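Numbered from 1 within each chain, the chains take letters A, B, ... in sequence-line order. As the structure is a computational prediction, the values presented were derived from the model and not from experiment.
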Protein chains: 2
Amino acid sequence: MINIADVARHAGVSTATVSRALSGGHHVSPATRLRVEESAAHLGYVVSSNASSLASGRMKNIGVVVPFLNHWFFASVVEGAQQALQRHGYDLTLYNLTGGLEARRSVFEHFLLRQRVDAVIAVSLELTENEVARLHALNKPLVGVGGPLAGVRTLTVDDLAVARLATEHLIALGHTRIAHIGGDKAFDLDFNLPTNRRFGYEAALVAAGIEARRDDFRPADFTTAGGYQAAKQLLGRPHERPTAIFAASDEMAIGSILAARDLGLAVPGDISVIGVDDHELATFFGLSTVAQFPQRQGEKAVEVLMEELRPHPESRTGLNINMPFELIVRGSTTRPAV
Amino acid sequence: MINIADVARHAGVSTATVSRALSGGHHVSPATRLRVEESAAHLGYVVSSNASSLASGRMKNIGVVVPFLNHWFFASVVEGAQQALQRHGYDLTLYNLTGGLEARRSVFEHFLLRQRVDAVIAVSLELTENEVARLHALNKPLVGVGGPLAGVRTLTVDDLAVARLATEHLIALGHTRIAHIGGDKAFDLDFNLPTNRRFGYEAALVAAGIEARRDDFRPADFTTAGGYQAAKQLLGRPHERPTAIFAASDEMAIGSILAARDLGLAVPGDISVIGVDDHELATFFGLSTVAQFPQRQGEKAVEVLMEELRPHPESRTGLNINMPFELIVRGSTTRPAV
DNA sequence: AATCATTTTGCAATCGCTTGCAGTGTCTGA
DNA sequence: TCAGACACTGCAAGCGATTGCAAAATGATT
């Protein structure tokens with residue numbers, strides 16, 4: 001492998017000059033910089049990130065921790081982050097917590113500590129106090145994506161507002177019997193559930209003078225199958241049937257559409273359905289939804305980190321950064337049948 | 001940050017001994033090893049992977065290159081690989097080629113070269129000769145997952161056999177008019193399409209003495225929406241309608257099921273559908289399928305690499321490693337209506 | 001032409017760990 | 001009792017960059 005000394009020799013300068021020429025080029029005359037760059041290109045030289053990191057303390061690498069990977073939202077966030085990082089010349093090291101408690105511990109007590117990352121992005125993670133403490137002890141920037149994360153700067157859509165927007169859309173169409181399929185705080189420790197969506201839903205109902213019936217809420221696990229089950233229950237009561245469902249995720253909304261079909265109910269004729277996410281399949285199912293943009297969330301998380309990593313961080317933003325969201329009306333919602 | 005010298009001091013030994021005690025512990029007396037381990041634990045010491053890598057040449061890090069991340073198959077492979085790597089104390093650095101040509105080039109010409117990974121896993125990638133050459137020039141182990149990759153050890157299901165199995169299942173049920181929705185070689189450069197599945201399909205038909213009609217094949221892009229379109233076309237010809245569809249992926253198969261429903265056709269009453277993958281949603285849709293196990297493929301790729309990374313690799317396997325697959329019959333296939 | 005300010009460059013220490021080699025100590029067997 | 005074998009341990013030389021400091025070169029100013 002060819003190293004900095006080879007380049008220095010080839011260009012007829014010292015390694016110090018090579019280093020400076022290749023990293024920013026400050027304090028190097030344009031002429032030598034060019035010469036060095038040519039030598040480097042000619043020899044096919046690429047800095048050894050290890051040596052560079054060891055000497056400089058900068059790793060050019062960000063750790064991303066996710067609870068699952070094979071779900072659209074998480075994968076999209078990671079994808080967005082990856083692309084942004086690549087543009088900045090950073091690597092992305094992935095930590096996945098799917099492997100159970102033991103794996104989880106090893107991530108926090110071993111992997112993240114070995115001086116390999118400059119910063120950490122935690123996606124939709126429910127972290128224990130201990131884990132947050134460990135992360136802070138690293139003394140490295142940490143940003144969260146999705147869901148409030150105590151004491152950590154977090155990018156997230158305003159879940160309350162999102163839910164209100166979706167619910168208000170249904171109300172505006174004339175619905176008064178609106179059910180909700182959402183998350184159940186108890187069901188999973190690893191994964192930060194946006195429980196605020198339920199509050200937003202209730203708030204919108206109350207604001208419109210509609211009673212929020214306890215019975216019109218069903219918890220589910222954010223999967224299509226879960227949404228299907230919940231919707232079957234909600235729609236299975238002939239005389240008690242709501243005219244609309246607001247599901248806290250598109251996958252659950254899709255499950256609801258399928259459940260409705262199986263019950264012989266037309267969407268949106270008999271029942272309107274709206275979700276949250278703007279999942280890949282939302283277009284396909286003609287699903288109205290409140291889009292959040294996970295890729296952009298990943299990118300934005302990177303921007304924030306890059307800013308903090310700069311020698312003199314300037315524009316410190318607040319602890320919570322609100323991400324955009326947007327109502328997208330497709331065919332799955334309409335005014336209730338009279 | 002606390003370093004090896006601190007531990008050495010605390011344990012009353014040299015840094016050399018600490019290093020040896022903490023890595024395998026050979027050539028260190030059990031007593032001192034224990035003492036060192038205690039000191040390390042007490043002080044909360046974790047080796048600096050940079051320094052360690054620089055000195056030893058081992059990175060304890062594997063690069064994984066994927067064409068997309070937000071698709072179930074890729075994400076699952078990565079997840080499997082990640083978990084296996086974590087068990088071995090390795091990190092996983094993710095390279096995603098979604099970012100376009102420029103991004104792609106930078107991965108191969110810059111990122112992978114900076115001495116940060118011990119080996120590379122390429123998932124379902126269609127690599128150019130140049131790229132393979134570059135990877136080989138790294139002189140680091142490289143294994144592929146999914147799809148033949150010229151000159152690279154690749155783990156893959158035998159796509160031909162998979163397709164034959166699925167098709168034979170339909171034939172065994174009595175179908176003689178079997179359509180196929182598969183990949184079109186031309187449609188994407190980034191992504192290694194298992195075109196062999198089409199050959200397997202045709203082979204099974206021929207072996208059963210059934211003519212493979214050109215018109216019963218439709219290319220699609222491996223998405224649900226793509227499968228839906230293709231199926232609509234296939235099923236939209238009243239008198240020409242096949243009685244079964246073999247889709248080269250579950251997502252396309254699900255699209256087909258939805259298309260059939262929209263056309264008022266019953267699955268499996270009027271039309272049987274089988275896919276490949278055993279996607280998360282396959283159970284939900286009662287989809288018969290040939291399961292491949294992407295997580296296990298990721299894990300296995302790691303095993304293979306670990307073996308090659310061992311000082312004296314022993315059991316060299318052949319260039320192609322066949323991964324298991326399995327026919328799973330659910331409700332979407334049955335004998336054709338008489 | 002001399003002086004001072006400013007750029008450009010090189011020297012050499014440093015980052016934290018690994019590992020070949022040599023030194024010390026202990027245990028055998030003769 | 002002593003040489004030889006073997007098991008531990010420490011010394012110190014790297015690994016390949018970065019960077020503070022000082023030296024050299026350049027340019028500006030009088």
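Within the 4.0 Å cut-off from OP1 or OP2 of dC17(C), not a single side-chain nitrogen or oxygen of T15(B) is found. For T17(B) and dG10(D), the shortest distance from a side-chain N or O to OP1 or OP2 is below 4.0 Å.
Put simply, CE on M323(B) and CG on L155(B) are 5.5 Å apart, with the number rounded to the nearest 0.5 Å. Taken to the nearest 0.5 Å, the CZ atom of F111(B) stands 8.0 Å off from the NZ atom of K60(A). Rounded to the nearest 0.5 Å, atoms OG1 (T15(B)) and CG (D6(B)) are 11.5 Å apart.
Here the closest non-hydrogen pair linking M59(A) and D118(A) is N-OD1, 2.8 Å.
Atom CG of L22(B) and atom P of dT9(D) are 14 Å apart (whole Å). The CD1-C1' distance, from I2(A) to dA17(D), rounds to 14 Å in whole Å. The separation between M1(A) atom CE and dG14(D) atom P is 21 Å, rounded to whole Å. When the C1' atom of dT18(D) is taken as reference, atom CG of N3(A) falls 14 Å away, rounded to whole Å. Here the P atom of nucleotide dG10(C) and the CD1 atom of I4(A) are 12 Å apart, to the nearest Å.
Looking at heavy-atom distances under 4.0 Å, T32(A) makes contact with sugar-phosphate atoms alone, never a base. In this structure, V18(A) reaches neither bases nor backbone, as no heavy-atom distance under 4.0 Å exists between it and the strands shown. Residue R58(A) is in sugar-phosphate contact alone, with no base atom involved, counting any heavy-atom pair closer than 4.0 Å across all strands shown.
Heavy-atom nearest nucleotides on DNA chain C were determined for L54(A) and for H27(A), and the one closer to the 5' end corresponds to H27(A).
Tested against V18(B) for a side-chain contact (heavy atoms from CB on, under 4.5 Å), the candidates V13(B), V47(B), N3(B) yield a single pass: V13(B).
Of the residues in residues 33-52 of chain B, those lying under 4.0 Å from DNA chain C by heavy-atom distance are Y45(B), V47(B), S48(B), A51(B), S52(B).
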Worksheet item: Does the salt bridge (charged side-chain N to carboxylate O under 4.0 Å, His left out) test come out yes or no for K300(A) and E303(A), once each step is laid out?
Response: CA-CA 5 Å; K300(A) 180 70 179 176; E303(A) 305 301 318; over 6 Å; no

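For A55(B), taking side-chain heavy atoms from C-beta onward, the closest of the listed nucleotides dA12(D), dG14(D), dC8(D) is dG14(D). Side-chain atoms of R20(A) lie closest to dG20(D) of the nucleotides dT18(C), dT18(D), dG20(D).
The environment of NZ in K140(B) is crowded: more than 12 heavy-atom neighbours from other residues, nucleotides or ligands sit within 6.0 Å.
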